[in-house]
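These notes concern the structure reproduced below.
All residue numbers refer to positions in the sequence shown, counting from 1. Both counts, for ligands and for their atoms, begin at 1 and track the order of listing.
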Amino acid sequence: MCGIVGAVSERDVQGILLEGLRRLEYRGYDSAGMAVLGGNGEISRAREVGKVAALSEVLVQTPNHGTTGIAHTRWATHGQPSKLNAHPHMSGDRLAIVHNGIIENYQELRDQLRGDGFEFTSQTDTEVVAHLIERYFRTTGDLFKAVQQAISELRGAFALAVLHADEPDHVVVCREGSPLVIGVGIGENFIASDQLALLPVTDRFMFLEEGDMADIRTNSIKIWDRDNHPVERKVTRFEHSMDSADKGEYRHYMLKEIYEQPRVIQATMEGRVTSSKVLEQALGTDAGQLLESIRHVQIIACGTSYHAGMVARYWIEDLAGIPCSVEVASEFRYRKHVIQPDTLFLCISQSGETADTLAALRQAKKAGFRAALAICNVPGSSLVRESDLVIMTQAGPEIGVASTKAFTTQLTALLLFTIALARHNGLSEEREAELVTALRALPGQVEAALALDEAIAELSSAFMDKNHSLFLGRGALFPVALEGALKLKEISYIHAEAYPAGELKHGPLALVDSEMPVVTVAPNNDLLEKLKSNLEEVRARGGELFVFADGESDLASEPGVHVMQIPAVHPITAPIVYTIPLQLLSYHVAVLKGTDVDQPRNLAKSVTVE
Ligand code: HGA
């Protein structure tokens with residue numbers, strides 16, 4: 001999704017802005033641009049379609065020197081990806097603006113502003129905001145007031161950074177529905193939509209709250225809340241090490257992130273388990289009291305996080321005996337729901353800024369859920385700040401657009417939560433100790449699954465020239481099949497569908513032939529025998545099978561059947577371990593196909609627009 005970077009400094013900011021944009025590339029975007037206020041009192045702007053490298057080349061030819069600037073990577077929502085639609089947008093040649101989000105009433109404002117004589121050069125909703133601010137600037141002669149008045153007329157979601165040539169040396173920013181963070185420097189200050197963009201220049205950050213506006217200068221940061229009261233926002237230090245945003249020896253971020261999983265799963269458990277128990281205080285000081293009262297769990301998430309939620313439903317109903325519903329956020333938020341008493345609202349999001357998930361949470365709070373629990377990877381994100389309880393995953397920055405380590409750490413956190421909840425609902429000490437032992441074995445088991453990398457790379461050539469594929473799983477492994485299919489779609493662009501294996505004969509079997517590889521995850525659980533029958537059904541129709549199976553499952557390779565043995569795992573933790581080979585399979589197929597693995601086409605990392 002779009003990214004914003006800005007700087008107010010005494011030194012030249014072009015390099016800082018460009019580096020910031022590069023660090024936001026992982027979010028996915030279609031064009032990039034920058035506006036800098038030069039020493040001559042003029043704003044110079046550069047915009048290019050495509051990668052930040054293209055913008056950088058233009059800036060080598062014609063540099064944008066100056067000490068105050070704003071920059072942007074755009075992921076189009078209103079108007080096609082083009083140079084004219086790329087940000088920054090300007091009103092005349094004195095005001096420049098960058099925007100993340102969507103202005104819902106842009107058409108009506110556009111008509112009004114046209115009537116006032118403003119000319120539009122783009123199809124974007126953002127340009128409306130530029131002209132609206134300029135209109136108020138003409139009457140107030142004050143950029144801060146002009147932004148304040150303009151945003152009072154906007155409906156939708158936005159993070160904005162505004163620069164005016166008549167008011168040099170500062171940037172005015174605001175946040176309503178899209179994230180914005182201030183980077184605190186010495187004799188210089190910064191802004192960005194994601195703190196990662198600013199790590200080369202600072203590790204101290206202030207997170208703006210919903211409705212905040214701020215005035216950023218070299219030596220001051222002033223913030224006002226929605227009611228126009230001056231407020232202080234806490235300065236927090238960035239915790240993850242700098243190198244977590246580097247690729248290191250790996251060819252792609254995605255591969256690096258797949259390999260980080262043993263460590264980050266371990267980190268997600270750290271401080272939260274003893275040798276035999278889950279420490280429920282790690283979920284929050286009052287967690288015990290709250291968990292005691294929960295009678296139902298409603299999980300909300302999108303994409304990969306939704307698949308994590310689907311796995312958790314099996315766990316919660318199995319171990320805690322509590323009913324659990326799972327729904328994608330974009331559906332949940334637009335329908336009426338019946339809320340059971342004492343329902344816990346559980347949101348899962350890697351970034352904590354997923355627009356639909358946040359909107360669902362805000363609705364849920366009004367609707368009267370018992371409490372909200374967030375499972376999230378980004379400290380200080382909106383989701384974390386707005387939830388009652390939080391379990392932070394410790395995945396560290398995830399740069400690859402296709403989520404890997406965020407998923408398995410979400411599952412780890414969800415299992416910790418499930419065990420804590422189950423303890424209030426009849427889980428015995430022995431069973432808890434057994435589950436904690438299974439959890440603690442995970443890093444080693446994931447490591448063992450990673451050892452299959454080379455063998456999976458060989459297998460992947462069978463998918464190279466295929467257009468479709470089918471993924472099968474049963475029970476809690478069905479969402480793992482869904483996640484495997486999603487990974488293959490996302491990065492190799494091969495159409496992949498996932499089904500609960502028992503559904504095969506109710507339709508998808510009609511598609512099976514030698515051109516349709518069928519991938520299956522088959523741990524040694526009580527559904528294995530049933531799954532084997534489903535695989536026979538595929539073989540009988542000439543389908544080629546790729547089975548990731550428990551070593552004890554007595555499934556063996558034969559012509560048309562490729563079996564990869566996975567070390568024995570506890571049935572409860574199997575979904576985490578069996579995810580690994582599917583990630584590796586997608587990765588290798590994508591590499592063979594030569595796609596942009598870390599930034600697949602049309603996709604964005606944190607989906608901060610609806
Ligand atoms: N609506 C604006 C910004 C889009 C955005 O924030 N994407 O993540 C545009 O289309 O330019």
Distance-only N or O hit between ligand 1 and [X], under 3.5 Å:
X: N100; value: no
X: H99; value: no
X: T124; value: no

message: Over 60° means perpendicular and under 30° means parallel, so tell me whether F332 and F345 are parallel, tilted or perpendicular.
response: tilted
query: Going by distance alone, is a donor N or O of one side chain under 3.5 Å from an acceptor N or O of the other, for Q14 and N64?
result: no
field: Any donor-acceptor N or O pair under 3.5 Å, side chains N100, H72
entry: yes
- prompt: Between D215 and K222, does at least one N-O distance fall below 4.0 Å, as a salt bridge requires?
  reply: no
field: Heavy atom of G101, distance to ligand 1 below 4.0 Å
entry: yes
field: Part of T77 within contact of ligand 1 (heavy atoms, under 4.0 Å)
entry: both
message: I need the atoms of ligand 1 closer than 4.0 Å to a non-hydrogen atom of C2, numbered in the order shown.
response: 3 (C), 4 (C), 5 (C), 6 (O), 7 (N), 8 (O)
message: On the six-membered ring of Y493, is R601 placed so that its NZ or CZ lies under 6.0 angstrom from the centre and within 45° of the ring axis?
response: yes
